[in-house]
2 protein chains.
Amino acid sequence: MELTPSCPDLLGRLRAVGLRPTRQRLALARLLFDAGDRHVTAEHLHGQALASAIRVSLATVYNTLHQFTAAGLLREVVVEPGRSYFDTNIDDHHHFFCESIGTLQDIPGQGVVVSGLPLPPPGTEIRRVEVIVRIGPESR
Amino acid sequence: MELTPSCPDLLGRLRAVGLRPTRQRLALARLLFDAGDRHVTAEHLHGQALASAIRVSLATVYNTLHQFTAAGLLREVVVEPGRSYFDTNIDDHHHFFCESIGTLQDIPGQGVVVSGLPLPPPGTEIRRVEVIVRIGPESR
DNA sequence: GTGATTGCAAATCTTTTGCACTAAA
DNA sequence: TTTAGTGCAAAAGATTTGCAATCAC
């Protein structure tokens, strides 16, 4: 594939994290990062790739999502048993999650303060504090 | 099975939530609730049942865990993709989760305050605020 | 060319389901 | 009895892996 000049930033971002900018990685990166903040599942992204006439196998989508996550380009969000979401927003932030629809929505991290946490167990340190606000349709 | 008089509370608890106190439900309830706060996976609980010479199928363990959860006797905690933990502590509280070991640890809810949350999206209301503190071995 | 990456299909792992059988009431 | 609950094995999902073919460099 010709590396189109329309995505120099993506190409550079992949190179910067040591991932060879292959056809499918670039195509997936474009789907992921060219449309603002997104929360996708592997299945979802694969469907979108196929719809965009990008030939990628589901296995490659999984591999790519995990490589991007390991490289710090994505964040994995676990809110539902048996399904992983990947978040293109890697800033410190939190989530609303609607169980009835299965939808994630970002909560900017700046405003939220979690206070009163005890010290982590001896020998461990805090990696990240994650707040998940589970929401549902209004009762009435 | 003879309903032993040693577990009148469990029997009553099951009846109270409309679950017929069968041999395996009682046995699993005893494993779950007779040992203080616990975080178990289905696989884990099944192994423990077998080790205690309780004949239960894994399918029944799954069904029972979900029935208990639906009945409010347990809480499901989702922290790892592809694996559910069930928590015998149903009070309002949060968790430390160590990814390297896969261990959950309770954080009492009283002390922790989450402030600065935005309003939930229109038409929805907050069901629960969950804080997961991801921890790992100390860097140095 | 050479080694990383991909596709595919098969394997794996967790969880759910269908149905004949068993047990609680 | 009557109906809910169970076991088993098979099915269903999500995710991973092995290996030959392919592509970036």
Side-chain angles (χ1 to χ4, degrees), chain A residues 1-4 7-8 10-29 39-47 49-50 53-71 73-74 76-86 102, chain B residues 1-4 7 10-29 31 39-47 49-50 53-71 73-74 76-86 102:
Chain A
M1 172 198 183
E2 189 76 17
L3 300 178
T4 78
C7 53
L10 289 178
L11 208 163
R13 262 171 104 179
L14 291 186
R15 285 222 170 94
V17 296
L19 289 174
R20 187 180 284 188
T22 63
R23 187 185 337 221
Q24 24 283 330
R25 282 188 186 152
L26 264 174
L28 293 177
H39 303 96
V40 301
T41 64
E43 200 74 46
H44 179 183
L45 184 60
H46 184 233
L50 295 187
I54 300 166
R55 281 200 308 86
V56 216
S57 71
L58 182 56
T60 296
V61 172
Y62 272 106
N63 291 336
T64 302
L65 285 172
H66 284 131
Q67 289 154 355
F68 283 10
T69 302
L73 301 177
L74 287 177
E76 190 170 1
V77 184
V78 186
V79 280
E80 258 185 340
R83 177 183 268 84
S84 274
Y85 290 81
F86 293 86
Chain B
M1 173 196 183
E2 189 76 18
L3 300 178
T4 77
C7 52
L10 289 177
L11 208 164
R13 262 171 104 179
L14 291 185
R15 286 223 169 94
V17 296
L19 289 173
R20 187 183 285 188
T22 63
R23 190 189 333 226
Q24 24 283 342
R25 282 188 186 151
L26 265 173
L28 293 176
L31 288 179
H39 304 94
V40 300
T41 64
E43 199 74 45
H44 180 183
L45 183 60
H46 184 233
L50 295 187
I54 299 167
R55 281 200 306 89
V56 217
S57 71
L58 182 56
T60 295
V61 172
Y62 272 105
N63 291 336
T64 301
L65 285 172
H66 284 131
Q67 289 154 356
F68 283 9
T69 301
L73 301 177
L74 287 177
E76 190 169 0
V77 184
V78 186
V79 281
E80 257 186 340
R83 177 184 266 83
S84 274
Y85 289 81
F86 293 86

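Letters go in sequence order (proteins before strands), and every chain restarts at 1. The basis for the numbers below is simple: all heavy atoms, side chains too, and nothing from hydrogens, waters or symmetry mates.
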J.: Can you find a side chain N or O atom of His66(B) that sits less than 4.0 Å from OP1 or OP2 on dT16(C)?
T.: yes
J.: Hey, are the side chains of Leu14(A) and Thr22(A) touching, using non-hydrogen atoms and a 4.5 Å cut-off?
T.: no
J.: Please examine the side chains of His44(B) and Tyr85(B), heavy atoms only from C-beta on, and report whether any two atoms are closer than 4.5 Å.
T.: no
J.: Separation of Leu11(B) atom CG from dA25(C) atom C1', in whole Å?
T.: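 Going from Leu11(B) (CG) to dA25(C) (C1'), I get 13 Å.
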J.: In the 5'-to-3' direction, what one-character label does each nucleotide of nucleotides 2-12 of chain D receive under the scheme B = base within less than 4.0 Å of a protein heavy atom, S = sugar-phosphate only, - = no such atom?
T.: -BBSSBBB---
J.: Can you check the Glu80(A) CD to dT14(C) P distance for me, whole Å?
T.: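 Whole-Å distance recorded here is 19 Å.
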J.: Let me know the distance between CD of Glu76(B) and C1' of dT16(C), rounded to the nearest Å.
T.: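 So the CD-C1' distance, Glu76(B) to dT16(C), works out to 13 Å.
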J.: Round to the nearest Å and state the distance from Glu43(B) atom CD to dC13(C) atom C1'.
T.: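 For the pair Glu43(B) CD and dC13(C) C1', the rounded distance is 9 Å.
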J.: With rounding to the nearest 0.5 Å, note down the distance linking CG in Leu50(B) to CG in Leu45(B).
T.: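 If I round to the nearest 0.5 Å, the distance is 9.5 Å.
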J.: Calculate the interatomic distance between Leu45(B) atom CG and dT14(C) atom P; express it in whole Å.
T.: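 Spelled out: CG on Leu45(B) to P on dT14(C) is 15 Å.
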J.: Taking only the side-chain nitrogens and oxygens of Tyr62(A), find out if one of them lies under 4.0 Å from OP1 or OP2 of dT15(D).
T.: yes
J.: Quick one: is Arg15(A) getting a side-chain N or O under 4.0 Å of the dC25(D) phosphate, OP1 or OP2?
T.: yes
J.: What is the separation between atom NE2 on His44(A) and atom C1' on dA14(D), rounded to the nearest whole Å?
T.: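 Taking atom C1' of dA14(D) as the reference, NE2 of His44(A) is at 17 Å.
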J.: Looking only at non-hydrogen atoms, find the nearest pair between Val56(B) and Ala49(B) and report the distance.
T.: CG2-CB, 3.8 Å
J.: Over all strands shown, is Thr41(B) touching base, sugar-phosphate only, or nothing at heavy-atom distances under 4.0 angstrom?
T.: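 If one applies the 4.0 Å heavy-atom cut-off, Thr41(B) turns out to touch nothing in the nucleic acid.
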J.: Quick one: closest heavy-atom pair of Ala71(A) and Leu19(A), and the distance?
T.: CB-CD1, 4.3 Å
J.: Applying ring-ring contact (aromatic ring centres under 6.0 Å, His included) to His66(B) and Phe86(B), what does each step give before you reach the verdict?
T.: CA-CA 9 Å; His66(B) 284 131; Phe86(B) 293 86; 5.5 Å; yes
J.: Just how far is it from atom CD1 of Ile54(B) to atom CG of Leu26(B), taken to the nearest 0.5 Å?
T.: 10.5 Å
J.: Between atom CG in Leu14(A) and atom C1' in dC25(D), what is the gap in whole Å?
T.: 15 Å
J.: Provide, to the nearest angstrom, the distance between the OH atom belonging to Tyr85(B) and the C1' atom belonging to dT15(C).
T.: 16 Å
